[in-house]
Amino acid sequence: MKLNRSSTRPLLLVTVLMILAAMAVLVVSCQDNAEQAASGAQVAGATEDINAIAEARGLTPADIAAAVKTYTPSGKHDEYYQFASGGQSGQVYVIGLPSMRIIKQIAVFTPEPWQGFGYGELGTMSVLEQGGLTPDGSPLTWADTHHPALSEMDGDYDGDFLFINDKANARVAVIDLRDFDVKQIVKNPITLSDHGGTFVTPDTDYIVEGGQYAMPLGFAYSSIENYEEDYRGMITFWKFDREKGRIDTAQSFAIELPPYWQDLCDSGKLVSEGWVFCNSINTEMATGGVELGNPPFESGASQRDMDYLHVFNLEKAKEVYAAGNVEMINDFPVITLETAIAEGLLYFVPEPKSPHGVDVTPDGEFMVVAGKLDPHVTIFGFDKLMAAIEAGTSETDAFGVPVLDFDAVMEAQVELGLGPLHTQYDDKGYAYTSLFLDSAVARWTLGGAADELTEEPAWTLVQKTPVQYNIGHITAAEGDTVSPDGQWLVAMNKWAVDRFLPVGPLLPQNFQLLDISGTGTDMPVVYDMPLPDGEPHYAQIIKADKIEAWEVYPEIGWDPHTQAVNPDAPLAGEERIEREGNEVHVYMTAIRSHFTPERVEIQQGDHVVWHITNIERALDATHGFTIPNYNIHVSIEPGETVSFEFDALQSGVFSYYCTEFCSALHLEMMGYMMITPSE
Ligand code: CUK
Ligand code: CUA
């Protein structure tokens, strides 16, 4: 049955017509302009001949179409937000689509001076400190961010929260999308590296954090000779408290896993809701030691034809956790591997070969696994999986985990090309898979209910669009939800090579925008965007109207770290300096163009606690504040109160000032802190 056989054709036609119409408008308008110019009524910059410009710049009709599709005039907003991991920068990028303009960087795991994140402001310092300390007691200040995940309701992005993992230190951060500000970092209490995170369950009850490199759980030491006995993998289910906007660590738990390297995960949805899927590599349990004559990791971990897709019954795991059937490791509840097997909440399915992504289809019926060293994607059917679990199996892995029969669970394999990594979906029944070695995006047809939406036969490769170069993830508009939008797909390329002006040996990443609104082979690259920061890995794209960001903080005296008014917030007319022994409290307000008070006198050796409220209500009337030599810098957005503290160790005269060019008299927005010497 091909219910929607003809629906995509008119869409294509409409798109082509729209582009032609847009080009016609350009031509007409330049004729008008020529007439205006001839009549002397010149409008600056609008008189040029579009065709002449295109010719002079060597632009093809396809280039002009791409420009028309993506160009977003000054003042017009984009249709989508893309939230991209900032990779080794430890931050998140916010990018508008289709213009590909960077709108914001959100400081997450790494100090960021403009936002005053990690430069003295107490709220941000405590977020960093929650995120774990180095052995010498200072906060961790870098992260290897991989996978951002938007919060969901009924399997659709709801625009409320964003989560992201840090692979390097096994951490998860929570960002509130009312103010695009990080609120919480949790550090995994039992392991040191994660990769299968963050992924949310369809109502964001849980945030999934799967581990990566096996180690003794709980940070104990054990010789690598004891790898199989003492090293373990894990998956952690962080309970999310939507009301508080925080992970509830007291309601969270982990499951102990064999010492394979668990890789990417995804949550089931609709029919498969309540299940979670993670793939794995190194089921060989290679332990390296090339210097001792052992096979190096990359070959030792690639011996077997099959690794194991991990299938978790999360509903059952929740019951086991609630019944207290756990072991505490570092005060954190862990369902042991033995219990997981006995309670039937963990199954393995063989998956070929050094798999990378596992991506559940929008209808929840299939799990698509891409094998890095296999030219196919392998599609497993959820129905078949349930039937195989029901039927039972006598096969187990070396640790006693039941292994289901590959042929019984496999639905289809589609040959796509070299190095398949990650899969996304659209509204037309297509799947898209990145091909790392081919440097291409493959479009292919899904089976099942989605089969009815495309004209092509199910499970068939339709198109491969080359990208430049070495693609990792792809992300499609609303592409991880139960109802993807189609329209746009971003190829997140790890190598830019020759795409941009040379900048020395360290090159930017390259995001390429693909227009996937067409069908069949119509899937052009329409924009290249260099990202001058860490390797982003993954991103998610959400319809812009789903995000309800505050314009200014709701009330004056707002503390973004509690999302409530700070009872100690200095207010207009109540500015003061209070002393108690050698502790000094400064209550300051900021408004264009002055701080009150403008003179602060303290004594060397005082402990100073300083609060500033920005009492502005005007959109974008942000002030910054710095004290030289004390490494303090804060950003105070309209309505916000910030606090910081320091010991006045150095005497002298310190000019504090506003660091945002907020008004004509911004340079005058300053004051003197005078620290009298202690003798
Ligand atoms: S991984 Cu980087 S390309 Cu961390 Cu999601 Cu696949
Ligand atoms: Cu306030 Cu410049």
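No experiment lies behind these values; they were computed from the predicted model shown.
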For the residue pair [X] and [Y], is the inter-centroid distance of their aromatic rings smaller than 6.0 Å?
X	Y	result
Phe163	Phe240	yes
Tyr432	Trp488	no
His310	Phe348	yes

Quiz item: Can you name the closest pair of heavy atoms from Arg304 and Glu284 and give their distance?
Solution: N-OE2, 2.8 Å
Quiz prompt | Heavy-atom closest pair, residues Phe277 and Val358 | solution = O-CG1, 3.7 Å
Going by heavy atoms in the side chains, are [X] and [Y] under 4.5 Å from each other?
X	Y	answer
Leu177	Phe83	yes
Thr465	Val525	yes
Ile102	Met529	yes
Ile103	Phe180	no
Thr445	Tyr430	yes
Tyr213	Asn282	no
Asp78	Pro98	yes
Asp205	Glu152	no

Practice problem: Identify which one of His146, His537, Gln212 satisfies the side-chain hydrogen bond (donor to acceptor under 3.5 Å, both in side chains) criterion when paired with Lys167. | Solution: Gln212
Quiz question: by atom type and distance under 3.5 Å, do the side chains of [X] and [Y] form a donor-acceptor pair?
X	Y	value
Tyr469	Asp498	yes
Asp307	Ser280	no
His195	Asp263	yes
Ser151	Thr204	no
Tyr93	Asp533	yes
Glu209	Asn188	yes

Exercise. Go through the steps for Leu257 and Ile235 under the test side chain to side chain contact (heavy atoms under 4.5 Å, CB included), then give the verdict.
Key: CA-CA 7 Å; Leu257 298 173; Ile235 184 169; 4.2 Å; yes
Output the distance between atom [atom1] ([X]) and atom [atom2] ([Y]), rounded to the nearest 0.5 Å.
X	Y	atom1	atom2	result
Leu150	Ile542	CG	CD1	5.0 Å
Leu270	Asp363	CG	CG	7.5 Å
Phe199	Tyr538	CZ	OH	7.5 Å
Ile95	Leu531	CD1	CG	5.5 Å
Thr361	Ile379	OG1	CD1	9.5 Å
Met234	Thr191	CE	OG1	5.5 Å

Between [Y] and [X], does any NZ, NE, NH1 or NH2 come within less than 4.0 Å of an OD or OE carboxylate oxygen?
X	Y	answer
Lys543	Asp485	no
Lys546	Glu478	yes
Glu535	Lys494	yes

Exercise. Evaluate the side chain to side chain contact (heavy atoms under 4.5 Å, CB included) criterion for residues Gln184 and Ile247: first the C-alpha distance (whole Å), next the side-chain angles of each, then the deciding distance (0.1 Å), finally the verdict.
Key: CA-CA 8 Å; Gln184 184 184 26; Ile247 286 170; 3.5 Å; yes
Practice problem: Take Phe436 and Lys372, measure what side chain to side chain contact (heavy atoms under 4.5 Å, CB included) needs, and give me the verdict at the end. | Solution: CA-CA 8 Å; Phe436 180 77; Lys372 293 189 297 257; over 6 Å; no
Do the side chain of [X] and the main chain of [Y] share a donor and acceptor less than 3.5 angstrom apart?
X	Y	answer
Glu256	Leu337	yes
Lys69	Tyr527	no
Glu365	Val271	no

Exercise. List the steps and the verdict of side-chain hydrogen bond (donor to acceptor under 3.5 Å, both in side chains) for Asp528 and Gln512.
Key: CA-CA 5 Å; Asp528 277 26; Gln512 287 188 304; 2.8 Å; yes
Self-check item: Geometric cation-pi criterion Lys239 and Tyr206, 6.0 Å radius, 45° cone
Solution: yes
Quiz item: For Trp495, does the CH2 atom sit with more than 12 other heavy atoms under 6.0 Å from it, leaving out its own atoms?
Solution: no
Quiz prompt | Heavy atoms of other groups near Glu395 CD, more than 12 under 6.0 Å | solution = no
Exercise. Could you go through the salt bridge (Lys or Arg N to Asp or Glu O under 4.0 Å) check for Arg171 and Asp166 one step at a time?
Key: CA-CA 5 Å; Arg171 298 186 292 169; Asp166 164 22; 2.9 Å; yes
Self-check item: Worked check of side chain to side chain contact (heavy atoms under 4.5 Å, CB included) between His473 and Leu421
Solution: CA-CA 7 Å; His473 276 270; Leu421 292 186; over 6 Å; no
Practice problem: Check the pair Asn313, Tyr347 against side-chain hydrogen bond (donor to acceptor under 3.5 Å, both in side chains), reporting the backbone distance first and the verdict last. | Solution: CA-CA 9 Å; Asn313 184 339; Tyr347 297 89; over 6 Å; no
Extract all donor-acceptor atom pairs below 3.5 Å that involve side chains of residues 398-414 and protein atoms in other chains or at least two apart in sequence.
residue	atom	partner	partner atom	Å
Asp405	OD2	Ala408	N	3.3
Gln413	NE2	Thr378	OG1	2.8

Self-check item: Whether Phe332 and Trp238 hold their rings parallel, tilted or perpendicular, with breakpoints at 30° and 60°
Solution: tilted
